[in-house]
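Here the structure is laid out as structure tokens; the discussion comes afterwards.
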Amino acid sequence: MVIGTIFGHRRGHVWFCVQLDRLSTRPALLLELPIPTHLLVKEMRCGLVRIALETLTRPGSELVSCPLRSVPVWTMLCNGRKLGFAGRRKATESTRLMLKTMQSITVGAGVLPAGFGFGSGSEADGELMYMRANYECVVGGPDSESFHLINPDECPGQELSIFLMRSRITVPEMKEQK
């Protein structure tokens, strides 16, 4: 089990942060997703959200053997629709400040006030929406890992899963042309 935080400014895009424990300000995984916050909120109202992050690797590529959480760029699909590319990021000082602010929150959703300081430019002035929860982490092997939202008290509610998948591309050998 890990702590997962989904957050983003109302007019910005979504971030997904995985922490091994809620007191850590160093995320085990921090992804910037291409989906606008308002669109993810709309998808979540339906109750079922599946985010698939896929990376394609060729034989001989350094990405074939690196840990899955170290892959820098992912193709993102949300409920079957391709939305663009997600990127792995390093935590900035403002990210660490936000995580420190949320240390006391075990599970919940809410809004941090405008001017909190996460992001840059006009995003830094907007409210920061967040949803923090426990996620079951399932490692399917070196090429797949998933995070499944655990609803508190086993009550029915939001179903959210995030899948990381590495697909290996095989390149057919070129036949000699005579």
Not counting sequence neighbours, which residues clear side chain to side chain contact (heavy atoms under 4.5 Å, CB included) with Ser161? List them please.
Arg50, His148, Phe163

What I'd like to find out is whether the side chain of Trp15 reaches to under 4.5 Å of the side chain of Thr5, using heavy atoms alone.
no

Which atom names give the shortest non-hydrogen contact between Leu68 and Pro142, and what distance separates them?
CB-O, 4.0 Å

So do the side chains of Glu43 and Leu48 get within less than 4.5 Å of each other, counting heavy atoms only?
no

Could you give the distance from OG (Ser24) to NZ (Lys100), rounded to the nearest 0.5 Å?
11.0 Å

Going hydrophobic residue to hydrophobic residue with side-chain gaps under 4.5 angstrom, can you get from Met44 over to Leu53?
yes

Among Ile51, Leu39, Ile35, which residue meets the side-chain contact (heavy atoms from CB on, under 4.5 Å) test with Val14?
Ile35

Within the structure provided, determine whether Leu30 and Phe16 are in side-chain contact (heavy-atom separation under 4.5 Å).
no

Decide whether Leu149 and Val2 are clustered together by the hydrophobic rule: side chain heavy atoms of Ile, Leu, Val, Met, Phe, Trp, Tyr closer than 4.5 Å, transitively.
yes

Side-chain (Gln19) to main-chain (Pro27) donor-acceptor, under 3.5 angstrom:
no

Indicate if Ile162 and Ile3 have the same hydrophobic cluster label, given that clusters are the connected sets of ILVMFWY residues with side-chain heavy-atom separations under 4.5 angstrom.
no

Nearest heavy atoms of Leu112 and Met102, plus distance in Å
CD1-CE, 4.0 Å

Separation between CZ (Arg45) and CG (Leu40), nearest 0.5 Å, reads 11.0 Å

Leu128 side chain near Met98 side chain, heavy-atom distance below 4.5 Å
yes

Taking the side chain as every heavy atom from C-beta outward, state whether Leu164 and Leu29 have any atom pair closer than 4.5 Å.
yes

Indicate yes or no: at least one non-hydrogen side-chain atom of Tyr135 is less than 4.5 angstrom from one of Val18.
no

For residues Thr75 and Lys82, report the shortest heavy-atom separation together with the two atoms involved.
CG2-CE, 3.5 Å

Do the side chain of Thr101 and the main chain of Leu97 share a donor and acceptor less than 3.5 angstrom apart?
yes

If a pair satisfies salt bridge (charged side-chain N to carboxylate O under 4.0 Å, His left out) and one of its residues is in residues 15-42, list it, with sequence neighbours excluded.
Glu32-Arg89

Please write out which residues are connected to Met129 in a hydrophobic cluster, directly or through intermediates, given that two of Ile, Leu, Val, Met, Phe, Trp, Tyr count as joined at side-chain heavy-atom separations below 4.5 angstrom.
Val41, Val111

4.5 Å side-chain heavy-atom contact, Ile6 and Leu31
no

Taking the side chain as every heavy atom from C-beta outward, state whether Pro36 and His13 have any pair of such atoms under 4.5 Å apart.
no

Sorted by chain and residue number, the side chain to side chain donor-acceptor pair (under 3.5 Å) partners of Ser167 (sequence neighbours excluded) come out as Glu54

Restricting to pairs with a member in residues 131-145, which pass salt bridge (charged side-chain N to carboxylate O under 4.0 Å, His left out), not counting sequence neighbours?
Arg69-Glu145, Asp143-Arg166, Asp143-Arg168

Least distance between heavy atoms, Phe7 atom then Cys17 atom:
CE2-CB, 4.0 Å

Shortest non-hydrogen contact from Met165 toward Ala52
CE-CB, 3.7 Å

My understanding is that a hydrophobic cluster links ILVMFWY residues whose side chain heavy atoms are under 4.5 Å apart, including indirect links. Using that, what else belongs to the cluster containing Phe85?
Val73

Are Phe147 and Leu77 grouped together when hydrophobic residues (ILVMFWY) are joined by side-chain heavy atoms under 4.5 angstrom apart?
no

